Amino acid sequence: MIKKKIILDIKKTLKKLNYKFDVNFTVEVPNIIEHGDFSTNVALLNAKKNKLKPREMAKNIIEVFSRKKDYKSAEVAGPGFINFRLSNSVYHKALVDIVKNKKKFGSSNYGKRKKVLLEFISANPTGPLNVVNARAGVYGDTLYRIMNFVGFKAFREFYVNDAGNQVDILAESLELRYRELHGEHLQEFPSEAYHGEYVKELAIKLNAIDGSKLFHIAEKDRFERMRDFALEEIHIMQVASLDKFGVKFDNWMSERKLRQEGILEEALSYLAEAHCTYEKDDAIWFSSTQFGDEKDRVLIKTDGNPTYLVPDIAYHLTKYQRGFDYIIDVLGPDHHGHVSKLKAAIEALKLDLNKLEVVYLQHINLLEDGEIVKMSKRTGSIVTMDDLIREVGRDAARYFFLNRKPSAHLDFDMDLAKKKSSENPVYYCQYAHARISSILKKAKKAKFDLKSFDIKFLKKLKQEDEINIIKKMLELPFVLIASAEHREPHRLAIYVHELAGMFHKYYAKFKVINENNLELSLSRLYLISTVKNVIAKSLGLMGISAPEKM
RNA sequence: GCGCCAGUAGCUCAGUUGGAUAGAGCAACGGAUUUCUAAUCCGUAGGCCAGGGGUUCGAAUCCCUUCUGGCGUGCCA
């Protein structure tokens, strides 16, 4: 919008002055406010071409600009930057545009309706979701919302590993607990089994339905009953946890279903057709070394069962078959060894490797009383997603996870997240929203009605803080595009915090409602109600509430 | 050994395609409330951007290298 106009104006000027130039110069908002509203490096990049010194070239450009009415000033700075200051009226108009855009402000067609598959969490269906899953959930969910808002067609998927070894162990664990209920005493609960309390609860629930009748059926049938019951119950449990966290999925892709539908065989046959498989030691191997892997990998084990790699290849095959333009896998840091094998397979299948992106979310340390809380799935001593939400609440949990870029390790300070005080950044943002609501309420009581507001009043907004707030709001569309583009929703979290901060400072410095100046008061009310909407919109995209009152 | 990720203030972290004087929050210290919500604001202090080299008008950012930490490197998933 404004930036585009400046670029255009610069180009026109360069042509007018008969300068040679490259089009890839930049126009950006400087970090330092004293450096003006916008800054360009056009003279730095093109001075050589025109046999001029950068400052000299900049000076000539400025002379033309100083005659344009939308520009308050243009000056040479540093080695040859040109800093522009725009007239307040330009920003006043922009503010009106934000309001006119209403709920659409910030959205764009950047994604061009491209189809995006976001796979995240994909935790094993063998227990409750943990805090790492929570981080992945918030990340994926927020990225989904942002991508859709900037014009992508995103789709959320959870891949359920409901086949394989770990599921057998789950069924066996349940059976042991079930037997315990019927008075059988175990010497020791096997170390590889699932120890969590939830297995005991499942046994109690199963017992309430089936009683002792499972002892009287065939072993195979009992095993299947155990397995299916556990999988179903745990799925329900996971959905419930996610629901509390505001995370939803468009599809739960079952590994068992993939197997039943013969996709594994399909993937294997494609690999065979591509001459990438061979038999050795009674196993079937994938010759992944020809795609840069260190060694070849087993696909079908000596016992005739596929390794985990096969269903994963098959699953990714379906991702490609479903016609997505971007395939994003959100994984834990312990998966990157696995991804190189998967990528080798995708190459072997002659699928477009560029479509596949892997985002690694780094580990989390939970801190309580300054100490790291140890987590172990095997011994059952995990902090679950439910625990976390119960402890710190949904808003704080989401904000804390979102406040970090995905590739960063995350220390989650439980004590800080629990605090309902100024130390807690999530309240800082929400408080700005609540504060504005409160002012608007008060204005209404004092008979300041925005209906009698007129655009002409906006010229009363002359304070630098006011113009800076408008500038900040104008950044939202770009922040969202950058968040989507780089798959980094944390940029939005940082943005809201900054905007909230600007409002708090403004609030402390200026009074919005002034009985003696109707036009100024209405203009300020107009401004802050826009700030309120932008904060609410941003928090909304992060799945965080924006309270009217705190 | 090889591969991936990271190293920025006492702590936790931001830092857009390379831009000008590297920023927040917390912790520390000193202030502000007869006022539209003090869950706030203002100020002070705090830095060899892990070390070294290179690329150029210009590097926390790109390249090379060394060091440190996490993770991976199964016919487990």
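This structure is a prediction, so every number in the text was calculated from the model and none was measured. Labels below follow one simple rule: chain letters A, B, ... track the order of the sequence lines, proteins then strands, and each chain is numbered from 1.
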Taken to the nearest whole Å, NZ/A/Lys549 to P/B/C36 is 17 Å
Does [N] have a Watson-Crick or wobble mate here (both distances under 3.5 Å), and if so which one?
{"N": "B/A6", "value": "B/U68"}
{"N": "B/U44", "value": "B/A28"}
{"N": "B/C49", "value": "none"}
{"N": "B/A14", "value": "none"}

Do the side-chain N or O atoms of [X] get closer than 4.0 angstrom to the phosphate oxygens (OP1, OP2) of [N]?
{"X": "A/Tyr360", "N": "B/G3", "answer": "no"}
{"X": "A/Arg435", "N": "B/A38", "answer": "yes"}
{"X": "A/Lys341", "N": "B/G74", "answer": "no"}
{"X": "A/Lys301", "N": "B/A77", "answer": "yes"}
{"X": "A/His486", "N": "B/U17", "answer": "yes"}
{"X": "A/Lys405", "N": "B/G15", "answer": "yes"}

Q. When you check the gap from the basic side-chain N to the acidic O, do A/Lys505 and A/Asp465 get nearer than 4.0 Å?
A. no
* To do: Flag the pair A/Lys532 and A/Glu548 as a salt bridge only when some basic side-chain nitrogen lies within less than 4.0 angstrom of an acidic carboxylate oxygen.
  =>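 Here A/Lys532 pairs with A/Glu548 in a salt bridge, since their nearest N and O are under 4.0 Å apart.
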Within the 4.0 Å heavy-atom criterion, would you say [X] contacts the bases, only the backbone, or no part of the nucleic acid?
{"X": "A/Glu28", "value": "base"}
{"X": "A/Lys511", "value": "base"}
{"X": "A/His490", "value": "sugar-phosphate"}
{"X": "A/Ala434", "value": "base"}
{"X": "A/Asp312", "value": "nothing"}
{"X": "A/Ala283", "value": "base"}
{"X": "A/Ser340", "value": "nothing"}
{"X": "A/Lys509", "value": "nothing"}
{"X": "A/Asn41", "value": "base"}
{"X": "A/Asn83", "value": "base"}
{"X": "A/Leu44", "value": "base"}

Answer with yes or no whether A/Tyr308 presents, from its side chain, a donor or acceptor under 3.5 Å of a partner atom in the base of B/A77.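 Indeed there is one.
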Problem set entry | Side-chain donor/acceptor of A/Thr307 to base of B/C75, under 3.5 Å | no
Review point. NZ of A/Lys441: more than 12 outside heavy atoms within 6.0 angstrom?
Key: yes
Looking only at atom [atom1], what distance separates [N] and [M], rounded to whole Å?
{"N": "B/G7", "M": "B/U17", "atom1": "C1'", "result": "24 Å"}
{"N": "B/U16", "M": "B/G23", "atom1": "P", "result": "13 Å"}
{"N": "B/G69", "M": "B/C29", "atom1": "C1'", "result": "33 Å"}
{"N": "B/U66", "M": "B/G58", "atom1": "C1'", "result": "26 Å"}
{"N": "B/C64", "M": "B/C4", "atom1": "P", "result": "11 Å"}
{"N": "B/G15", "M": "B/C62", "atom1": "P", "result": "12 Å"}
{"N": "B/A24", "M": "B/G46", "atom1": "C1'", "result": "14 Å"}
{"N": "B/G72", "M": "B/G30", "atom1": "P", "result": "47 Å"}

How about A/Tyr159 and A/Tyr315: are their ring centroids closer than 6.0 Å?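 Yes: the rings meet the under 6.0 Å criterion.
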Contacts of A/Val167 meeting side chain to side chain contact (heavy atoms under 4.5 Å, CB included) (sequence neighbours excluded), chain-then-number -> A/Arg227, A/Leu231
Set out, line by line, the N/O atom pairs under 3.5 Å between protein and nucleotides 8-12 of chain B.
from: B/U12; atom 1: O2'; to: A/Arg404; atom 2: NH2; distance (Å): 2.9

